[in-house]
2 protein chains.
Amino acid sequence: MSLSENSARSKPTLRTIAEMTGFAVTTVSRALADDPLIAAKTRAVIAKAAAEIGYVPDRAAQRLRTGRTNVIALVLDPHGEIIDFSGSMIAGVADIVRDTRYHLTLTQYQLGEDPLRPIRHIVQNRLADGMIFARTEPQDARVRYLLDAGFPFVTHGRTKVGSHAWLDYDNAAFARFAVNRLAEKGRRRVSIIPPSRQYSFAEHMISGFQQAVCSAGIAGEVPQDYDLNSSPDELNGRISLRLGQPDPPDGWICPGEIAAIATNAAIYDAGLRLGRDVDLVAKQTSRVFDLFRPRIDTIYEDIEAAGRGMAHALLAQIAGTDAEELQELQAPIPEF
Amino acid sequence: MSLSENSARSKPTLRTIAEMTGFAVTTVSRALADDPLIAAKTRAVIAKAAAEIGYVPDRAAQRLRTGRTNVIALVLDPHGEIIDFSGSMIAGVADIVRDTRYHLTLTQYQLGEDPLRPIRHIVQNRLADGMIFARTEPQDARVRYLLDAGFPFVTHGRTKVGSHAWLDYDNAAFARFAVNRLAEKGRRRVSIIPPSRQYSFAEHMISGFQQAVCSAGIAGEVPQDYDLNSSPDELNGRISLRLGQPDPPDGWICPGEIAAIATNAAIYDAGLRLGRDVDLVAKQTSRVFDLFRPRIDTIYEDIEAAGRGMAHALLAQIAGTDAEELQELQAPIPEF
DNA sequence: CACGCTATTTGTAACGTTATAAATACGCAA
DNA sequence: TTGCGTATTTATAACGTTACAAATAGCGTG
């Protein structure tokens, strides 16, 4: 019955309100935009009428007229991750966007597809007013393109391409924390599973690692033949192999859940015991390890907060804030 | 430089093509819609011109004129899950939507907010041509509302409210598989961590469980004081408690990653050994357990495939297929 | 060669909004 | 009362598309 009411009277427009109040459509439009040129009293009358009939502006018409889409685009990497990063990031972004006039749209490009393609598409067809994407590379073609185009965006991760808005996790600090924790437990030879070299954050994390092992005075290994992008089985195999070689590491740093699980499996299969023979420090973006047995030392990265931060930054940038002021380094959250 | 080219000439419209080819705007519009009323030769000429200048129709204008949005909405539950379901589902939906004229938008409602609210909002403001949502309840108010409104939608999960398009995982089959697997291993008293009673799938899973323990001739426990919605710590505590009571279960069924990890912790802390003293069968929607040690028996639910299936169904429904024909039960994927 | 029929193309208007420029009302000093 | 400046409101046009009705071209037939 509430339905038949709705379908009976057609969708309210500015004209509806104009007829109700006796003002011109233009006046109604400006009044609802809170234009100070319109008398305060008039604005109040019109606002009341609008609220009464539940007026909501037609997005398509606004978009056609103004060229502004009121949309922000989230460009997702191919769905490769096993414990998925994207879910939390989306939740964070959606959380901020919810209370704004913006809508959130989502594009995911395919494995092997040029990451620039969806971005060019969005810019050329004005499909959004700004965008967010992750996994930057030091010389990121997407960043270069967007800077040239003057299109607002925020990245998860820094680049070496000009100055732009970004939010990054402090992976150098993560590595230092992890190394120190292992050193405190008396470990003398630690190995890190490095991020794939193509990504910006690999450099930060590895240099943090090198620095920390150096000042802790212990041995540090950065393997060359596998990384976080390797398949879980491959990781597991390589680490098993290493554990059988001379002078195996007694401390492992795994900057990802799956890497940690694969490492744990290799340790277990080698007959070693976590906490006795070796230690492991993992980065988790989920809460999988909170009840893991045997206990695993973790450092947390709050991806949902990152999503919220990036959404904030993007909205600020669209509203005119300088991109240089929108650069934020997110501190690791130590646990245990 | 490719940029200055682009910004020099303004965005191509139907008018641009009309001027290029000498036809009227209307003709161009119909030609690009492949209207058979337009001569095949003309259509070819116009299509060529359009491709040449990279014409893409203005979505806002189309939407304003036709009332169709070319958008499908994905309505997400509050971000509670620890290993996140949504990421995979989004990936699946995005995968299908990518090659269509549709865009994907995303709304997430807040914990404690009325789930009907975002849905009503979408319908009343015509923000999308159809929608997808998950976690149905037997008497789902959202389903009832959308059926009344005649708005296309697909749910993840069945309901008892009329007939609509849905895709559901066969949780009864999952429970049977799990029970049988435990029975084959010689377990005589199995317990399941039940889904929260409010959701449709709880009923299916529990009845599958009851049936299977009955025909396997073993004891089955369905606890009343905790469920999949309980916090990991609470789950862990309750299960620890149960393990200390007389006649504890020697087989556990955990229809979710976090529940399985919490159960595993309780088992470990009780000094029991998985595979020797007790067994555990888990449902995983991720791949976390593939390299878990000690090994855990798992049954897989492919959420990404579910996302693809739902997107397909929704597009079909929008295109006119009867909702009754768009009901699909997804079989469990046994592993190990 | 005009007629009528079909095949093809076209002009006009409208979707709901906002930018721009123009108009009106109002108050106050001359 | 007139005139002028300010405060407020309004008419008109346009964004790019498509629905509808109307016009034109082409062609065989009488």
Side-chain angles (χ1 to χ4, degrees), chain A residues 7 9-47 49-50 53-71 101-103 124-129, chain B residues 9-50 53-71 101-103 124-129:
Chain A
S7 54
R9 51 166 174 260
S10 60
K11 189 183 156 199
T13 70
L14 288 180
R15 223 186 115 202
T16 321
I17 302 178
E19 281 162 4
M20 280 172 73
T21 58
F23 288 103
V25 171
T26 306
T27 308
V28 175
S29 171
R30 311 185 95 164
L32 291 174
D34 255 333
D35 187 329
L37 239 61
I38 301 296
K41 196 177 148 198
T42 307
R43 268 182 282 163
V45 169
I46 289 175
I53 60 173
Y55 168 77
V56 179
D58 184 293
R59 300 177 66 85
Q62 286 184 316
R63 182 166 165 177
L64 177 60
R65 181 62 245 236
T66 63
R68 283 206 354 225
T69 62
N70 288 331
V71 161
R101 66 164 184 275
Y102 289 89
H103 282 190
Q124 290 181 349
N125 301 308
R126 284 238 149 250
L127 261 26
D129 297 337
Chain B
R9 51 166 174 261
S10 61
K11 190 183 154 200
T13 70
L14 287 180
R15 224 186 115 201
T16 321
I17 302 177
E19 280 161 4
M20 280 172 73
T21 57
F23 288 103
V25 171
T26 305
T27 308
V28 175
S29 171
R30 310 186 97 163
L32 291 175
D34 255 334
D35 187 329
L37 238 62
I38 302 296
K41 197 178 149 197
T42 307
R43 270 182 283 162
V45 170
I46 289 175
K48 187 162 163 262
I53 60 174
Y55 168 78
V56 180
D58 184 292
R59 298 178 67 85
Q62 285 186 317
R63 184 166 162 177
L64 177 59
R65 182 63 246 237
T66 63
R68 284 205 354 224
T69 62
N70 288 330
V71 162
R101 66 164 185 275
Y102 289 89
H103 282 190
Q124 290 182 348
N125 301 307
R126 283 241 149 246
L127 262 25
D129 297 338

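Reminder, nothing fancy here: chain letters follow the sequence lines and each chain counts from 1. The structure presented is a predicted model; accordingly, all values stated were derived computationally and were not measured.
The backbone N or O of B:Thr69 lies less than 3.5 Å from a partner atom in the side chain of B:Asp129, making a donor-acceptor pair. Panel note: side chain A:Asp35, backbone A:Leu37; a donor-acceptor pair is recorded below 3.5 Å. Judged by distance alone, the side chain of B:Arg43 and the main-chain N or O of B:Ile38 form a donor-acceptor pair under 3.5 Å.
When all heavy atoms are compared, the tightest approach of A:Ala49 to A:Met20 is CB-CE, 3.8 Å. Looking at every heavy atom in both residues, B:Ala60 comes nearest to A:Arg63 through CB-CG, 3.6 Å. When every heavy atom of B:Val56 is checked against every heavy atom of B:Lys11, the shortest pair comes out as O-CE, 4.5 Å.
When the C1' atom of C:dT18 is taken as reference, atom CZ of A:Arg63 falls 16 Å away, rounded to whole Å. Per the geometry, CZ belonging to A:Arg68 stands 15 Å off C1' belonging to D:dC15, to the nearest Å. A straight line from CG of B:Asn70 to P of D:dG16 spans 18 Å, rounded to a whole angstrom. Taking atom CG of residue A:Leu64 and atom C1' of nucleotide D:dT18, one finds them 13 Å apart after rounding to whole Å. Atom CG of B:Leu14 and atom P of C:dC15 are 19 Å apart (whole Å). Following rounding to the nearest Å, B:Asn125 (CG) and C:dC15 (C1') show an atom-to-atom distance of 16 Å. In this structure, A:Lys11 places its NZ atom 7 Å from P of C:dG16, rounding to the nearest Å. Rounded to a whole Å, the CZ atom of A:Arg43 is 14 Å from the C1' atom of D:dT9.
In this structure, A:Ser29 reaches the bases: a heavy-atom distance under 4.0 Å links it to at least one base atom across the strands shown.
Counting distance only, with no hydrogens placed and no angle test, the side-chain atoms of A:Arg65 and the base atoms of C:dT17 include no donor-acceptor pair under 3.5 Å.
Residues B:Ile17 and B:Leu32 meet the side-chain proximity criterion, which asks for heavy atoms closer than 4.5 Å. Side-chain contact between A:Val71 and A:Arg59 is present, with at least one heavy-atom pair separated by less than 4.5 Å. Side-chain contact check for B:Leu14 versus B:Tyr55: some heavy-atom pair is nearer than 4.5 Å.
Comparing the local axis fitted to the first five base pairs of the helix from C:dC1-D:dG30 to C:dA30-D:dT1 with the one fitted to its last five gives a bend of 80°, rounded to 10°.
Here the side chain of A:Asp58 is nearest to one of C:dT17, C:dT18, D:dT17, namely C:dT17.
In this structure, B:Gln62 does not reach the D:dG16 phosphate: none of its side-chain N or O atoms is under 4.0 Å from OP1 or OP2.
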What is the per-nucleotide protein-contact pattern of nucleotides 5-12 of chain C, from the 5' end, where B denotes a base atom under 4.0 Å from a protein heavy atom, S denotes such proximity for sugar-phosphate atoms only, and - denotes neither? ---SBBBB
